[in-house]
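This one's a predicted model, so the numbers in the text were calculated from it and none came from an experiment. Below, all heavy atoms of this structure are taken into account, side chains as well, without hydrogens, waters or symmetry copies. In this chain, numbering begins with 1 at the start of the sequence shown. One-based numbering, in listed order, for ligands and for the atoms of each.
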Amino acid sequence: MLYIQNYIDGVLSEALTGTWLAVHEPATGNVYAQAPASAGADVDAAVDAAKRAFPAWCATEAEERSRLLRRVADMIEERLEEFAQAESRDNGKPVWLARMVDIPRAAKNFRFFATAILHTSSEAHQTDDIALNYTLQQPIGVAGCISPWNLPLYLFTWKIAPALAAGNCVVAKPSEITPYSAFLLSQVCIEAGLPQGVLNIVHGLGTDVGTAITAHPDIPAISFTGGTATGASIARTAAPMFKKLSLELGGKNPTLIFADCDFEETLVTVLRSAFSNQGEICLCGSRIFVERSLYDRFRDAFVERVRALVVGDPLDDATGQGALVSATHMEKVLSYIALAREEGGTVLCGGERIQLTGRCEDGWFVSPAVIEGLPFTCRTNQEEIFGPVVTLTPFDTEDELLAMANSTSYGLAASVWTSDLRRAHRVAAALHMGIVWVNCWMLRDLRTPFGGVKQSGVGREGGWEALRFFTEAKNVCIKL
Ligand code: TXE
């Protein structure tokens, strides 16, 4: 049995409660590890450590902070296979996906912000010959970072890296469902020589550790990625404390396919957009709208490709789709497929629990589902399912399409498939989303603003946006 530990004040430790949380391997359904069931006292110890470390860390030259964070990135890459195996075992995703996407991106997150801080500039405003104003971007102190189970290390480091790079210390909480890669990160930070207390990782339940971080009076900023309901709960606590909030929440993303698209490229990429990471990415395209003249051809070709996706052991390179992250989540996804049928949908393929053989016979596997014939207003088309389930809907006019695409309470991401450039610009501008991809999906430049509108969140991550979130702007005005 693997015992995962907290990382507080530079050392690995058990929870002060002395109690543990079972950690499951989705592919087998078995408990393979124990994580600390930490609580408020552990968070207090982490915040105290971070406060002690902050004066020296924020005074550390950017070049040195950069060197240390690039060292962390290098060491993640040196241990890439170990991280990939851990991430796959914890989340259920295919190990090839963790190896190709999750872990390299975690290293990239550190390297990106480690180099960004070497190129920052700030503003100055001259008031005639009366005064000169200049803006200081100063670190906020101790940042709270809380992340989810779908892209564990990828999203965990997407918050931690800019916070540390900007000169803050961090108290971070990974999901209790996928704690393993955060534990490995703790080991890397110790080996890389990150000063004690600069980064503190506290494992535990959201209602114990997450709430303690959110409510702690000495944490002035919270960066959260997770469910919309949880985001609202965090906001209710943090708002009256006037904390800075970055909330990266759910999505119900539309894929808009016009008849003049590049058919094969669209088919291949939309398949990935629908089912990558078992559909457990907030950016996945779960509502697919196809221009009526292309609808039958696309539907038949798409269903054929979906049927060919191998649902299998995450350790097998041939696996296209691994296990869902938990039994609870699997039941949630299956309940939405039953709802789709009740709402009048036709399940064209998939949507069943898959019983594999061998070591995975008790794993949490669901075959990827494609559903047509539903109204765009039904619950299946309005609520986030966050699993391998997509709907197909034909459209006739651009106005009808935009009304359907913009009809949900979410507004995170969309992809648009057309060879008409003017239409691409027009439709992208009309979509109520934070991110629009045209003839691509999940093509990421880390300098770009990342986030959504409506119930998909508040604020933007990425690039200078992230560094601005983790600093406070101060205007200094000097009389000339
Ligand atoms: O997220 P939670 P879960 C969506 C998806 C999923 C739903 C719930 O629809 O089914 O959210 O997933 C911590 N105060 N997304 O349960 O509960 C928790 O311990 C402070 C979309 O994983 O939001 C974990 O570390 N923290 C999302 C983190 O918050 C709390 C990705 C996320 O957990 C807390 C994942 C509280 N009261 C799920 N309660 C995306 N946008 O990518 C929990 N936590």
Counting only N and O atoms by type, is there a donor-acceptor contact under 3.5 Å from the side chain of Lys252 to the main-chain atoms of Thr380?
-> yes

Donor-acceptor pair, Asn200 side chain versus Val170 backbone, under 3.5 Å?
->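 Flag set: sc Asn200 to bb Val170 pair under 3.5 Å.
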
Residues pairing under salt bridge (charged side-chain N to carboxylate O under 4.0 Å, His left out) where one sits in residues 23-51, two or more places apart or in two chains, turn out to be Glu25-Arg89, Glu25-Arg359, Lys51-Asp218

Donor + acceptor pair across side chains of Lys159, Ser147 (<3.5 Å) =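 Looking only at side-chain atoms, Ser147 and Lys159 do not form any donor-acceptor pair under 3.5 Å.
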
Using side-chain hydrogen bond (donor to acceptor under 3.5 Å, both in side chains) as the criterion, list what pairs up with Glu87, not counting sequence neighbours.
->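 Residues passing side-chain hydrogen bond (donor to acceptor under 3.5 Å, both in side chains) with Glu87: Ser181.
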
What pairs with Trp149 under ring-ring contact (aromatic ring centres under 6.0 Å, His included), at least two apart in sequence or on another chain?
->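 For Trp149 the ring-ring contact (aromatic ring centres under 6.0 Å, His included) partners, ignoring immediate neighbours, are His329, Phe386.
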
Distances for all N or O pairs of ligand 1 and the protein under 3.5 Å?
from     : atom 1 : to     : atom 2 : distance (Å)
ligand 1 : 9 (O)  : Lys332 : NZ     : 3.4
ligand 1 : 9 (O)  : Glu384 : OE1    : 2.7
ligand 1 : 10 (O) : Lys332 : NZ     : 2.7
ligand 1 : 11 (O) : Gly227 : N      : 3.3
ligand 1 : 17 (O) : Thr230 : OG1    : 3.2
ligand 1 : 19 (O) : Lys173 : NZ     : 2.7
ligand 1 : 19 (O) : Glu176 : OE1    : 2.7
ligand 1 : 19 (O) : Gly206 : N      : 3.4
ligand 1 : 22 (O) : Trp149 : NE1    : 2.3
ligand 1 : 23 (O) : Gly227 : N      : 2.8
ligand 1 : 23 (O) : Thr230 : OG1    : 3.0
ligand 1 : 25 (O) : Ser147 : O      : 2.8
ligand 1 : 25 (O) : Lys173 : NZ     : 3.0
ligand 1 : 41 (N) : Leu249 : O      : 2.5

